[in-house]
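Numbers restart at 1 for each chain; the letters A, B, ... are given by sequence-line order, proteins then strands.
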Number of protein chains: 2
Amino acid sequence: METQISTCDATSEARETHERILEAAQKLFAEKGLDATSVRDITAAADCNVAAVNYHFGGKENLYLESFKAMLGPLRDQRLAMIAELMEREPVPTLEEFLATFAEGFLDPLVDHSRGRMFMVFVSRELLDPRLPLSVFLEEFILPMVQRAAAALERVGPPMTPNNRIMCIFSLIGQLLHAVKAHHLSAHVEIQDAVPFDLAGFVDHFVRFSSAGLRAYSLDETASSTPFTGGEKDQ
Amino acid sequence: METQISTCDATSEARETHERILEAAQKLFAEKGLDATSVRDITAAADCNVAAVNYHFGGKENLYLESFKAMLGPLRDQRLAMIAELMEREPVPTLEEFLATFAEGFLDPLVDHSRGRMFMVFVSRELLDPRLPLSVFLEEFILPMVQRAAAALERVGPPMTPNNRIMCIFSLIGQLLHAVKAHHLSAHVEIQDAVPFDLAGFVDHFVRFSSAGLRAYSLDETASSTPFTGGEKDQ
DNA sequence: GACAGATTGAAACAATTGTTTAATATTTAC
DNA sequence: GTAAATATTAAACAATTGTTTCAATCTGTC
């Protein structure tokens with residue numbers, strides 16, 4: 001008899017066990033990490049038997065890898081699409097437009113206090129205790145974005161060496177990542193005197209600060225003889 | 001009979017058990033985190049009995065807290081001394097001198113691939129899975145440095161609102177932290193085409209990029225009407 | 001030497017871990 | 001309906017965890 005269990009909502013009952021496990025695993029792995037999350041935690045959240053993890057995923061470690069890819073794949077694609085849009089926008093954006101769009105596209109998936117924070121924490125954990133080879137993680141998730149961001153910067157920014165362009169991208173991403181972490185931190189702790197971190201205000205500052213920083217490289221296309229260029233100490 | 005065991009060097013034998021445990025714990029907690037480090041790992045590295053941890057420290061968790069303070073206290077003091085030196089140096093340093101000294105003093109304890117990396121990893125782990133209250137961690141280790149760095153910047157940098165000064169400090173620290181992580185990462189993975197991250201070169205870039213970014217605030221002491229100031233959207 | 005306190009040692013404790021097993025239930029195909 | 005394949009279940013497995021116990025040893029004082 002095909003009795004539809006009417007007391008439970010369809011969303012949690014109808015879905016396959018496989019899918020429920022994957023979803024619960026993403027949440028728990030991001031929250032507490034792989035070691036602190038027991039298989040029984042996952043199966044309890046997914047409302048299934050302990051053995052289901054091994055049956056459907058062949059073990060806890062493999063479930064972690066699939067959770068990681070399922071979580072970060074879409075994020076990476078969203079980022080790359082944002083950068084691609086910047087590469088093709090006509091007319092060529094100003095430096096300020098570029099930075100504002102880049103910051104917004106970079107931060108948008110991360111600022112949310114549930115899912116966005118999951119992204120950040122998951123990646124931080126993976127970087128501390130890598131379960132998939134670090135080289136794979138970098139080549140698949142990090143380097144593509146850095147390289148394409150550098151290409152986009154070449155279109156809109158002042159002329160500079162490719163090496164300097166990479167360092168500028170590092171400066172941009174470093175600022176934004178630090179801001180996201182401050183944003184999440186300030187929402188999770190109460191400090192008496194401090195005002196909560198103002199992410200929107202920081203983006204304004206980021207555009208102003210970084211556009212000036214980038215334009216510092218437009219002064220010396222030919223003569224790079226300022227004392228801090230470091231061009232002469234290459235090698 | 002006070003037989004001096006001559007087969008073992010004095011450094012590992014003579015020291016008290018208490019001290020050996022604390023040292024081994026710092027190393028292992030930083031490397032693998034609290035959960036992944038068993039008491040037996042620590043006592044094996046410290047060459048003592050399992051019960052010694054509970055006898056000397058009253059438990060694993062308490063040993064972690066003492067390890068954390070023993071690790072980060074000196075680092076914080078070193079940072080504050082560096083900033084204090086910048087505050088009192090005569091004549092007032094140029095912006096470039098300030099940034100170069102700040103970057104060097106900030107990075108110096110962190111770049112080392114054994115102890116410096118331990119600092120970074122330990123703090124990252126504590127931020128992900130806080131064992132001491134986050135507010136204590138921030139008030140004791142982070143905020144003092146941010147505030148004094150802002151005070152030092154007030155002395156050498158262009159005039160700006162205190163809020164903007166804090167955001168500039170965020171930009172500086174965000175860049176430097178990101179660079180340290182790239183520095184450590186590039187030493188631990190082999191990626192075919194990529195050149196290893198050049199930290200010294202990044203510091204040069206950092207000074208150039210950030211001095212220009214800071215000077216972007218020297219344009220409008222009175223009229224802050226650029227479209228990205230955000231002054232009009234306060235509240 | 002003898003005693004008291006501090007420290008160390010081996011063994012055992014209860015709890016939790018990931019995984020496996022074998023039986024049962026469900027679905028699919030004919 | 002029947003049989004094969006798929007999926008789920010409860011129970012048990014061996015291993016590891018932090019902590020405790022209690023006897024043995026060391027250290028300093030009288």
What is the distance, rounded to the nearest whole Å, between atom CZ of A:Arg40 and atom C1' of D:dT8? 16 Å

Counting only side-chain heavy atoms from C-beta out, which of C:dG18, C:dA6, D:dT8 sits nearest to B:Tyr55? C:dA6

Could you tell me whether the side chains of A:His205 and B:Ser171 share a donor-acceptor contact shorter than 3.5 Å? yes

B:Lys27 with B:Glu31: basic N within carboxylate O range, under 4.0 Å: yes

Kindly express the pairing pattern of DNA chain D in dot-bracket notation, using | wherever a base pairs with another strand and counting only Watson-Crick or G-U pairs under 3.5 Å. |||||||||||||.||.|||||||||||||

Check ion pair A:Glu154-A:Arg165 (N to O, under 4.0 angstrom): yes

Euclidean distance, atom CD1 of residue B:Ile42 to atom P of D:dT16 [Å, nearest integer]: 17 Å

Charged N to carboxylate O below 4.0 Å: is that the case for B:Asp108 and B:Arg79? no

Which nucleotide wins on minimum distance to the side chain of B:Lys60, given the candidates D:dT17, D:dT9, C:dT19? D:dT17

Note: B:Glu16-B:Arg20 ion pair, threshold 4.0 Å (strictly below): no

Select one nucleotide: of D:dT19, D:dT21, D:dA12, the one nearest the side-chain heavy atoms of B:Ala51. D:dT21

Closest of C:dG18, C:dT20, C:dA12 to the A:Asn54 side chain is C:dT20

Parallel, tilted or perpendicular: rings of A:Phe122 and A:Tyr64 (30°, 60°): tilted

Nearest to side-chain heavy atoms of B:His56, which nucleotide of D:dA10, C:dT17, C:dT7: C:dT7

Can you say whether the rings of A:Phe202 and A:Phe197 are parallel (under 30°), tilted (30 to 60°) or perpendicular (over 60°)? tilted

Parallel, tilted or perpendicular: which describes the rings of B:His184 and B:His113, with under 30° parallel and over 60° perpendicular? perpendicular

Which of the following nucleotides, C:dT8, C:dA10, D:dA10, is nearest to the side chain of A:Asn49? D:dA10

Is A:Lys32 salt-bridged to B:Asp35, cutoff N-O under 4.0 Å? no

DNA chain D: B:Gly59 or A:Ala52, which has the more 5' nearest nucleotide? A:Ala52

Rounded distance in Å - CG (B:Asp41) to C1' (D:dT19): 16 Å

Close approaches to DNA chain C from residues 29-39 of chain A, in residue order (heavy atom, under 4.0 Å): A:Thr37, A:Ser38, A:Val39

Whole-Å gap separating P (C:dT19) and OH (A:Tyr64): 15 Å

Between C:dT8 (P) and B:Glu19 (CD): distance, integer Å: 13 Å

What is the separation between atom CZ on B:Phe57 and atom P on C:dT8, rounded to the nearest whole Å? 11 Å

Roughly how many Å is it from CD in B:Glu16 to P in D:dT27, rounded to a whole number? 10 Å

Ring-ring centroid check A:His178 B:His178, cutoff 6.0 Å: no

Distance check: side-chain N/O of A:Thr17 vs OP1/OP2 of D:dA7, anything under 4.0 Å? no

